[in-house]
Structure formats: C-alpha cells, structure tokens
Amino acid sequence: MKSSTENSYGARIGNAESLVTALRGFNNYQSSKPELGIEGFSSLIANIKNQNTQIAIHKQNYSLAVEERVKIFEKDLLSVGRILSPINATIKVSFGKEAKEATDVAAIISKIRGSNAKSLKSTEGTFVSQSHQSFNSKIQFFSDLIANLSAFGSNYAPSRDELSVENLKDLYENAVAANNAVIDAYSQFIQKNDIRLSAYDTLSKTAVHIKENVKAQYGYNSSQYNLIGKLKI
C-alpha cells in the first residue's frame, strides 16, 4: 500500500500532466522561456516520473535489507537470537551452572538480548541511526561471546555443529554485513529522495510561472486560466 506521501506525489504529477494537456488545447499558447513551454514542462514531468520509479526500487531494496537483517538477528532458526539459549545451556553443562565461565557467558548473553534493536521500519533518519547503533551493540556483544567461547578451547564442545566457534564466526560476519546493508540501502534511498524533493519543488515553481504566463496571455477571467488556475502541483 502506498503511503499518503506517495499518493500526494502521484496526484501532483497527475495535475502537472493535466496542465500540459490543457496547454496543448489552448489556442496559440506562447512562453517567454523554454522551461515554461509545453515541451520543457513535459520533460520535467518525465524526469520526475523516472525518479519516482527509482525511488520505488530503492525503497524496496531498503525493505528487503531490513527483512534480511531481521532474519539473521531474530527469525532464522540459526539466528543470533535463537542460538543464545543452546550456547548458554552448553556452557552450563560443561562448567556447571554456578561456574565463573557460565556466569560470564550468561552476562554477555543478557547484554545481547537487552540491546534495544527494534526492527527497523521507519524512514526517519534519527531512528535509523539509533537502530543501526543498537544492532552494532548486539554485534559487539556477540563478538565478545565468541571470544569467550574461543578462550575455553576444547572445554567448549557443543553437540551441534552450528554452535561451533567457526560457525558462530560466520554468523557474526553475516550479521555485520546485514547491518551495513541496511544503512547502505537507506543512504541510497534518502539521497535519491532528496533529489526528488528538489525536482518536485522545481515542478511546483515552474507550474506557478506557467499559470502566471497563461493569466498574462489570456486574462484572469479567461476560460484558459480558470481551467488550470486551481491545479495543485
């Protein structure tokens, strides 16, 4: 479902195209500047429509990157979140529930779970930055956990291969890549959107000038001006 903002963008482009259609129907419409002419304004519309398509692609890439990160951190059977309990259980079996090794590992696991890393859905820059940092915290604590397990040497001998230190290192690398991919996708999206905002601003200002041009050529009370005067672009 499109957001109200995207619907607004679409409505403005639709009105801009209606303006062009009207201009084509006017008797001998003249413009003092190329950008106020039918072809110049049509070119501006075409450029923005292409930008809208690119925005949709980058927004989808961002959404997919977010989903991939959620899988690695939370959803997958072998996600960071889901392997913590079996790791904790393995350490308790190996060293004893009250052993220093067990309490140290439990403390790190608690930090990983406690990091405020909500699923990143917003496109607000501050929220994105904060979410990235919270996932970075999870990653750092996960790295600390792997370091501790490595230090135990052969005393850490999980019954499941996926809990081995080597496999955990692979999961760590995947988590780092997934987190960075979200920020990269968001960065590309926001830069493209900034360009689009500027283009829409130009579109709006150009439309105002075209209306003034029509008013000057045909008159304020003319049917031509009445046809386009209230178009919101």
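Since the model is a prediction, treat every value here as computed from it, not as a measurement.
- A donor-acceptor pair under 3.5 Å is absent between the side-chain atoms of Lys215 and the main chain of Tyr220, judged by distance alone.
- Using a distance-only test at 3.5 Å, with no hydrogens or angles considered, no donor-acceptor pair links the side chain of Tyr225 to the main chain of Gln217.
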Ser187 and Gln191: CA distance, side-chain angles, deciding distance, side chain to side chain donor-acceptor pair (under 3.5 Å) verdict: CA-CA 6 Å; Ser187 177; Gln191 289 180 70; 3.0 Å; yes

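- Between Asn180 and Val176, the closest side-chain pair of non-hydrogen atoms falls below 4.5 Å.
- Separating the CG atom in Asn61 from the CG atom in Asp184 is a distance of 9.5 Å, to the nearest 0.5 Å.
- In terms of heavy-atom proximity, Lys169 sits nearest to Ser150 at CE-OG, 4.3 Å.
- Minimum heavy-atom separation, Ala181 to Ala65: O-CB, 4.0 Å.
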Pair Ile195-Gln51, side-chain contact (heavy atoms from CB on, under 4.5 Å): steps then yes or no: CA-CA 8 Å; Ile195 294 172; Gln51 289 181 28; 3.9 Å; yes

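- Under the 4.5 Å side-chain criterion, counting only non-hydrogen atoms from C-beta, Ile38 is not in contact with Phe26.
- Ile87 places a side-chain heavy atom less than 4.5 Å from the side chain of Leu168.
- In terms of heavy-atom proximity, Ala178 sits nearest to Ile72 at CB-CD1, 3.6 Å.
- Looking at Lys211 and Ile228, their side chains come closer than 4.5 Å, going by heavy atoms from C-beta outward.
- Here Asn88 contributes atom CG and Ile109 contributes atom CD1; the two are 4.0 Å apart, rounded to the nearest 0.5 Å.
- Summarising the geometry, atom CZ belonging to Phe141 is positioned 11.5 Å from atom CG belonging to Leu145; distances are rounded to the nearest 0.5 Å.
- For Tyr29, there are no ring pair (Phe, Tyr, Trp, His ring centres under 6.0 Å) partners, not counting sequence neighbours.
- The CD1 atom of Ile57 lies 11.5 Å from the CD atom of Gln188; values are rounded to the nearest 0.5 Å.
- Annotation: side chain of Gln224 is not in contact with side chain of Leu227 (no heavy-atom distance under 4.5 Å).
- Proximity of a side-chain donor or acceptor of Ser110 to a complementary backbone N or O of Ala106 within less than 3.5 Å is not detected.
- In terms of the side-chain hydrogen bond (donor to acceptor under 3.5 Å, both in side chains) criterion, residue partners of Lys49 (sequence neighbours excluded) are, by chain and number, Glu17.
- In summary, the side chains of Asn167 and Asp161 do not present any donor paired with an acceptor at a separation below 3.5 Å, with no hydrogens or angles considered.
- Looking at Ser63, its side chain never comes within 3.5 Å of a backbone N or O of Lys59 through a donor-acceptor pair.
- Distance check, rounded to the nearest 0.5 Å: CG of Asn52 to CG of Asn47 gives 10.0 Å.
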Check against salt bridge (charged side-chain N to carboxylate O under 4.0 Å, His left out), Lys75 and Glu68: CA-CA 9 Å; Lys75 286 186 177 180; Glu68 181 62 22; over 6 Å; no

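- Figure legend: Arg12 and Tyr200 shown without cation-pi pairing, the cationic atom not lying both under 6.0 angstrom from the six-membered ring centre and within 45 degrees of its axis.
- Residues Gln140 and Asp144 bring a donor and an acceptor atom of their side chains to less than 3.5 Å of each other.
- Side-chain N or O atoms of Asn15 include none that pairs as donor or acceptor with a backbone N or O of Ile233 at under 3.5 Å.
- To the nearest 0.5 angstrom, Ile55 atom CD1 is 11.5 Å from Ile48 atom CD1.
- With hydrogens and angles ignored, the 3.5 Å screen pairs a side-chain donor or acceptor of Thr103 with a backbone N or O of Lys100.
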